[in-house]
There are 4 protein chains.
Amino acid sequence: MWMRIDPSDGVPIYDQIVRQVTFAVADGLLRPGELVPSVRELSRQLTVNPNTVARAYRQLQDEQVLRPVRGTGLAVAQGAAARCRKKRAALIRQRLQQFLNEARRSGLEKSELSSWIETEMARVYNAEAKK
Amino acid sequence: MWMRIDPSDGVPIYDQIVRQVTFAVADGLLRPGELVPSVRELSRQLTVNPNTVARAYRQLQDEQVLRPVRGTGLAVAQGAAARCRKKRAALIRQRLQQFLNEARRSGLEKSELSSWIETEMARVYNAEAKK
Amino acid sequence: MWMRIDPSDGVPIYDQIVRQVTFAVADGLLRPGELVPSVRELSRQLTVNPNTVARAYRQLQDEQVLRPVRGTGLAVAQGAAARCRKKRAALIRQRLQQFLNEARRSGLEKSELSSWIETEMARVYNAEAKK
Amino acid sequence: MWMRIDPSDGVPIYDQIVRQVTFAVADGLLRPGELVPSVRELSRQLTVNPNTVARAYRQLQDEQVLRPVRGTGLAVAQGAAARCRKKRAALIRQRLQQFLNEARRSGLEKSELSSWIETEMARVYNAEAKK
DNA sequence: GTGGTCTAGACCACC
DNA sequence: GTGGTCTAGACCACG
């Protein structure tokens, strides 16, 4: 199974599920029409309470990422891929803006910040290469 | 008064106070030995619950940024400036790493991320110039 | 086949089947003595779970709209036409009352509601004319 | 207290709460900035589980009707009145369309339907007058 | 005191 | 089997 939950991450479990499903749809890992694991099934796999999974799935329905198939389960909605890609981009951009604003408010110079970013980006993306 | 609190920012109020005092000390806006406003005084100025200010001041004492002056109040501690600069740098770096990790986990390519950062950095730092 | 099922309509599938059979009998589209499609046949035509069709047929038997013909299948019962017309009228009246009560509880004025109804009725019945 | 819940109404309790708060805001019974009863308080008044109230309040936050005031409670959001009026109108219109479509599909003539509506509307709104 | 999250377990309608 | 709703009770951060 492609999902990984960290209960002590600070970010709520239901939110981690929402994000990972969203990203999986954005990446085409889950295709429109495909059924997602049932609430009980996923709750077993993640050793998480079914209510928590249900809450995540409910939110994904509100966001039109999933649609109910009565008595059968939940399926990825038509057009969800585009929505998810948009949402992912918006999320990342928002985080980026938050970070940059905080850095600027902290009195960091643009040049200094640039060099930090360069350093850390090399580290983070090299870690990926090694892995 | 140089402090600005945004109660609907998502980040806890006590945390905003802690950060702004820390950054003020780092920038030399508050110098070692200088007295900070009393809990009641600051809570009035920021229209914030006194408990909240007290909590922030408690944390700043724990971090050796402030020290009690018996019968007088709280003053910026000796050596606080260096400590605050270090803390500020650490904070920013940590946020940067968090952001980069999240971006990478989201399947964002290094090149794409770079271009986003460039765009947003121009925006954020131009906004500063105009202001 | 005259029946149309919409699985994503919100109203349960078995209920849609029951209603459409009832209305067909009321309109004389299905005449007393006439055989209805078998459970398996109808479930294939509607691409619906056989259990669902069986449940609908069971309810229609309870309501004396269908009757079993030993070794042959289910037929429209004698006197079903009148019963179905009565049931259809009762159903519509009930929905109407529910709607009006809700509208009133929502603080809608009688005059305002009247104008809305006029507008929407024109739309709905014109759509029929065009079709 | 202005809220009335019917647990055996078929419509979910959390939904009844959402609707009644929405309508109260639409009617100006609750004004922007005003605090709504706390989760625990309302759950006591309605003899309903706090989680159920919390779920309703969460949805109202998603819909920008309520906004959190940290450590204090939930307040009616700015601009909520207009949003709620719009939502109320949309809800009623949707129900109206559903009803009219069902009536038409049932083979009801426009004139016959009109007379039914007139009769029932007189009943429903007279009931109000008497009350 | 406030809301937010999570667990546990029950009952329902639907397919 | 499926999701949806509700109750009960715990723990957390925040003001």
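Everything quoted here is computed from the prediction, not taken from an experiment. To find a chain, count down the sequence lines: A is the first, B the second, and so on, and within it residues start at 1.
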Seminar exercise, completed: Applied to residues 56-69 of chain D, the salt bridge (Lys or Arg N to Asp or Glu O under 4.0 Å) test, sequence neighbours excluded, yields D:Glu63-D:Lys87
Exercise. Which pairs, with at least one residue in residues 7-22 of chain A and sequence neighbours excluded, count as a salt bridge (Lys or Arg N to Asp or Glu O under 4.0 Å)?
Worked result: A:Arg19-B:Glu102
Got a sec, which residues hit side-chain hydrogen bond (donor to acceptor under 3.5 Å, both in side chains) with [X], two or more places apart in sequence or on another chain?
{"X": "C:Thr72", "result": "none"}
{"X": "A:Tyr14", "result": "A:Arg55"}
{"X": "D:Glu41", "result": "D:Arg44, D:Gln45"}
{"X": "C:Arg105", "result": "none"}

Seminar exercise, completed: Assign each of D:Ser38 and D:Asn51 the nucleotide of DNA chain E bearing its closest heavy atom; nearer the 5' end lies the nucleotide of D:Ser38
For this session: By nearest nucleotide on DNA chain E, pick out whichever of C:Pro7 and A:Tyr14 is the more 5' one.
Result: A:Tyr14
Seminar exercise, completed: Between CG of B:Asp9 and P of F:dG15 the distance, given in whole Å, is 11 Å
For this session: On DNA chain E, reading 5' to 3', which nucleotide is the first and which the last to sit with an atom under 4.0 Å from a heavy atom of chain C, could you check?
Result: E:dC14 to E:dC15
Exercise. When you measure from the side chain of D:Gln16 to the backbone N and O of D:Val11, does any donor-acceptor pair fall under 3.5 Å?
Worked result: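 Here the side-chain-to-backbone pair exists.
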For this session: With sequence neighbours excluded, tell me which residues meet salt bridge (charged side-chain N to carboxylate O under 4.0 Å, His left out) with A:Arg88.
Result: A:Asp27
Exercise. Who pairs with A:Arg93 by salt bridge (charged side-chain N to carboxylate O under 4.0 Å, His left out), at least two apart in sequence or on another chain?
Worked result: B:Glu120
Exercise. Do any of residues 61-76 of chain D sit with a heavy atom less than 4.0 Å from DNA chain F, and if so which?
Worked result: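 Heavy-atom contacts with DNA chain F come from D:Arg70, D:Gly71.
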For this session: Taking side chain to side chain contact (heavy atoms under 4.5 Å, CB included) as the test, write out the residues that go with A:Asn49, two or more places apart.
Result: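 In terms of side chain to side chain contact (heavy atoms under 4.5 Å, CB included), with neighbours along the sequence ignored, A:Asn49 is linked to A:Asn51, A:Thr52.
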Exercise. Taking it one step at a time, do D:Gln20 and D:Ile5 satisfy side chain to side chain contact (heavy atoms under 4.5 Å, CB included)?
Worked result: CA-CA 9 Å; D:Gln20 297 200 23; D:Ile5 261 43; 4.0 Å; yes
For this session: Tell me what D:Arg40 touches on the nucleic acid: a base, only sugar-phosphate, or nothing, going by heavy atoms under 4.0 Å.
Result: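 Since a base atom lies under 4.0 Å of D:Arg40, the category is base.
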Exercise. What nucleic acid atoms does D:Tyr57 come within less than 4.0 Å of, heavy atoms only: base, sugar-phosphate, or nothing?
Worked result: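 Counting heavy atoms under 4.0 Å across all strands, no contact is made by D:Tyr57.
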Problem set entry | Consecutive-pair stems (at least three Watson-Crick or G-U pairs, under 3.5 Å) that include DNA chain E | E:1-14 with F:1-14
Exercise. If you pin D:Arg55 and B:Asn49 to their nearest nucleotides in DNA chain F, which one's is more 5'?
Worked result: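 Mapping each residue to its closest nucleotide by heavy atoms, the 5'-most match is D:Arg55.
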